[in-house]
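What follows is a set of notes on a single structure, which appears directly below.
Numbered from 1 within each chain, the chains take letters A, B, ... in sequence-line order.
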Amino acid sequence: DGGITQSPKYLFRKEGQNVTLSCEQNLNHDAMYWYRQDPGQGLRLIYYSQIVNDFQKGDIAEGYSVSREKKESFPLTVTSAQKNPTAFYLCASSWRVETEAFFGQGTRLTVV
Amino acid sequence: AQKVTQAQTEISVVEKEDVTLDCVYETRDTTYYLFWYKQPPSGELVFLIRRNSFDEQNEISGRYSWNFQKSTSSFNFTITASQVVDSAVYFCALSEENFGNEKLTFGTGTRLTIIP
């Protein structure tokens with residue numbers, strides 16, 4: 001079945017460590033997005049990519065990095081520079097900006 | 001810059017009542033797209049509807065209806081005869097056809113609780 005897959009579902013990180021969240025889609029979508037969700041703050045855009053080998057910073061990119069080497073994959077690395085990384089992270093993809101986005105099931109990251 | 005405002009943080013209604021979720025947007029573009037998504041407790045967002053800036057026709061889908069008014073920059077969502085299964089967080093979103101900078105911006109969401 002076509003869809004978007006995020007892994008892992010739950011992730012624990014020690015302070016000072018980098019972690020990478022996986023996002024894979026088999027929908028042949030050009031655009032991919034990463035959002036962070038905190039209670040009461042909705043979805044905030046971290047990074048987005050409209051095409052392979054190109055991506056742009058969103059509203060809260062500091063402390064995060066991404067790559068888009070393949071159309072299907074858009075991994076997000078939460079670096080040690082991110083001071084408050086505990087949150088729910090959602091990945092999404094869409095064919096074009098005017099079409100609906102499909103979301104993964106999310107990764108809940110907790111710093112321990 | 002694009003912005004979406006959902007002023008209602010939380011709403012609670014008794015089952016079978018009607019409820020309207022407000023969404024106000026800001027954009028400088030003449031071509032843009034508006035969306036509503038539902039987030040059930042499982043966390044995965046579910047697409048509900050899409051509207052482009054040139055189509056102000058209201059839409060009804062079963063118990064759901066949407067009122068798009070460019071004059072007030074609003075795209076409100078009404079649930080008629082609410083049911084417990086409607087309990088979720090609802091997000092309004094906006095994307096602009098701004099070549100090289102197309103991004104999808106969400107509001108802060110409205111948590112809707114339907115009381116049985």
Lys/Arg N to Asp/Glu carboxylate O, Arg96(A) vs Glu98(A), below 4.0 Å: yes
Is it the backbone or the side chain of [X] that comes under 4.5 Å from a heavy atom of chain B, or both, or neither?
{"X": "Asp59(A)", "value": "side chain"}
{"X": "Thr99(A)", "value": "backbone"}
{"X": "Leu43(A)", "value": "both"}
{"X": "Gln37(A)", "value": "side chain"}
{"X": "Phe88(A)", "value": "side chain"}

Salt bridge (Lys or Arg N to Asp or Glu O under 4.0 Å) against Asp22(B), all qualifying residues, sequence neighbours excluded: none
Those residues that, when tested against Glu24(A), pass salt bridge (Lys or Arg N to Asp or Glu O under 4.0 Å) (two or more places apart): none
Parallel, tilted or perpendicular: ring planes of Tyr89(A) versus Tyr64(A), cut at 30 and 60 degrees: perpendicular
Side chain, backbone, both or neither of [X] within contact of chain A (heavy atoms, under 4.5 Å):
{"X": "Tyr33(B)", "result": "side chain"}
{"X": "Tyr37(B)", "result": "side chain"}
{"X": "Glu10(B)", "result": "neither"}

Asn53(A) side, atom CG; Ser67(A) side, atom OG - distance, nearest 0.5 Å: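 One gets 9.5 Å once the value is rounded to the nearest 0.5 Å.
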Axial cation check for Tyr10(A) ring with Arg108(A), 6.0 Å and 45° limits: no
